[in-house]
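Order of the sequence lines sets the chain letters (A, B, ...), proteins ahead of strands, with each chain counted from 1.
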Protein chains: 2
Amino acid sequence: MAQKYRTIASAIRNRILTRDFEANEQLPFERDLCTDYGVSKMTVKKALDMLVSEGLIVKRRGAGTYVKDLAGEEIDRLAVSTQFRGTSALNPDKVVRSKILDFKVIESPEIISKKLNIPEGSFVYDIHRVRYIDGNPHVIEKMYMPIELIPYLKNSHIESSLYAYIENGLGLKIQSAHRRISVRTASALESEYLALKGTDPVAIAEQIAYFDTGQAFEYSLSTHRYDEFSVAMILTRE
Amino acid sequence: MAQKYRTIASAIRNRILTRDFEANEQLPFERDLCTDYGVSKMTVKKALDMLVSEGLIVKRRGAGTYVKDLAGEEIDRLAVSTQFRGTSALNPDKVVRSKILDFKVIESPEIISKKLNIPEGSFVYDIHRVRYIDGNPHVIEKMYMPIELIPYLKNSHIESSLYAYIENGLGLKIQSAHRRISVRTASALESEYLALKGTDPVAIAEQIAYFDTGQAFEYSLSTHRYDEFSVAMILTRE
DNA sequence: AAGTGGTCTAGACCACATT
DNA sequence: ATGTGGTCTAGACCACTTC
């Protein structure tokens, strides 16, 4: 059973994306939306707050709620969600395959122990793979995961989708990831695996991922081809 | 007068950042926090939801609220806010100066009109500047802003802080920005201005910024030195 | 002054995990 | 079965802009 605030947010979101509510148009007052949908003020407020954080509308106390002055392509961009997904889930219509460069269990080095907040000398998976989308090299991933948290991990999971195994196979719930993006020149090895020229740039995504228990289960460094990498975000003041 | 939910969020945030609440520790139940702070459940929930979106805690219905398994440096990272700020505001302890490469008013080209959602042929400022932090070249900015929205703009504002003029000088309120990061090799001109070698990478930030009225007031392309660029984000599932 | 959105309450009931 | 956090209500009062 869908929550009311999600239903209302979806209804208004659709009217904005289809230009039924136009750019810069004032939305109905919260009071009127309450009667329209037969809900209380807190519920309408929560629905509108979702759209604010999605970047679709702005609210001004004393003045009203307005659709952002969104250009056509901005609307298209915002239509795709900005959730945290793996490569497989982000490319559902494409063939995502991996070549395993390395897959072993090691004693956690100091650097990894610090990132994952685990004792030094604990055992972690050490995974190194190249991911291909429709046959073209896309990203090199170096991942470390505590073996206790991800039991029975096999080659086949790494060749297909790791996150699918964790969520569907193990029934664990991924809650969030903290990611930092930086940029540098590709190393010789990276150029080879990603089919780049020696001096081409790459984007580096350093990530720690967490379960809904709060436990950190993955530290990874992903090296992306520069020409297939981009990341969008919405920044707000306060 | 500070809102209660912000006060409560700050109090709990501080206890997490100072390790008074430890990694993986279970927080008091919402019910108990209500009596501790003498507030209702919705207020406590709102305070905790802030900390969830900041990446500090996780909540699980039926099970409780837990501090994330944060490594030391993750805690330091999260201590600095992820709000939308200009270069000047992001470097309050440093000297931020600009060299103006170009500053004129032009008829808006089709590409800019589309981004800012304004009629073609409207007049826009066309600003091109290099920003220096403590004397070192940091970023090249190409910005376009409708002249009606930013009156009386002068060289001096562009040499110092544009956002300071917009917010303090004009009293306009900046609400948000939509930003997309990509990567490529520097052009010859970019290398010169940023003191890079010809084949070095750069990070490109394409941005549209909005007032709290919903109006788009700025389209910009920023070219960052690769070795001084990084961006952090927190991604969540659902 | 009137009307907007923001905050807060004291309850109620629900969905979910396990103390 | 118990107790968690999630949703929702029907109000109240406050902060802010000027519809």
[N] OP1/OP2 closer than 4.0 Å to side-chain N/O of [X]:
X: Arg61(A); N: dT7(C); value: no
X: Tyr5(B); N: dC8(C); value: no
X: Thr43(A); N: dT9(D); value: yes
X: Thr65(A); N: dG5(C); value: yes
X: Arg31(A); N: dG3(C); value: no
X: Lys59(A); N: dG6(C); value: yes
X: Gln26(A); N: dC19(D); value: no

(message) If we check side chain to side chain donor-acceptor pair (under 3.5 Å) with Glu206(A), which of these qualifies: His178(A), Arg179(A), Lys115(A), Arg180(A)?
(response)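 Going through the options one by one, the only one that passes is Lys115(A).
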To the nearest Å, give me how far apart [atom1] ([X]) and [atom2] ([N]) are.
X: Leu27(A); N: dG5(C); atom1: CG; atom2: P; answer: 9 Å
X: Asp49(A); N: dC8(C); atom1: CG; atom2: P; answer: 14 Å
X: Leu172(A); N: dA17(C); atom1: CG; atom2: P; answer: 13 Å
X: Tyr37(A); N: dT7(D); atom1: OH; atom2: P; answer: 18 Å
X: Met42(B); N: dG6(C); atom1: CE; atom2: P; answer: 14 Å
X: Glu30(A); N: dA15(D); atom1: CD; atom2: P; answer: 18 Å
X: Gln3(B); N: dT9(C); atom1: CD; atom2: C1'; answer: 16 Å
X: Lys45(A); N: dA10(D); atom1: NZ; atom2: P; answer: 19 Å

(request) Would you mind telling me which of dT9(D), dG5(C), dT17(D) lies closest to the side-chain atoms of Ala63(A)? (result) dT17(D)
(request) Select one nucleotide: of dT7(D), dT9(C), dT7(C), the one nearest the side-chain heavy atoms of Lys41(B). (result)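 Nucleotide nearest to Lys41(B)'s side chain: dT7(D).
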(request) Could you pick out which residue, Gly64(A) or Lys46(A), lies toward the 5' side of DNA chain D when each is mapped onto its nearest nucleotide? (result)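 Whichever sits nearer the 5' end wins; that is Lys46(A).
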(message) How long is the straight-line distance from CZ of Arg13(B) back to CZ of Arg6(B), given to the nearest 0.5 Å?
(response)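 Output value for this atom pair is 9.0 Å.
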(message) At 4.0 Å (heavy atoms only), tell me whether Lys4(B) reaches a base, stays on the sugar-phosphate, or touches nothing.
(response) sugar-phosphate
(request) Establish, from distance only, whether the side-chain atoms of Ser108(B) and Ser122(B) form a donor-acceptor pair under 3.5 Å. (result) no
(message) Can you see whether Lys68(A) engages Ser176(B) through a side-chain donor-acceptor pair at a distance of less than 3.5 angstrom?
(response)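 On atom types as modelled, these side chains qualify, holding a pair under 3.5 Å.
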(request) For the pair Glu74(B) and Arg77(B), evaluate salt bridge (Lys or Arg N to Asp or Glu O under 4.0 Å) and give the outcome as yes or no after the intermediate values. (result) CA-CA 5 Å; Glu74(B) 273 301 290; Arg77(B) 279 220 302 108; 3.1 Å; yes
(request) Map Phe29(B) and Phe29(A) onto DNA chain C by nearest heavy atom, then report which one ends up closer to the 5' terminus. (result) Phe29(A)
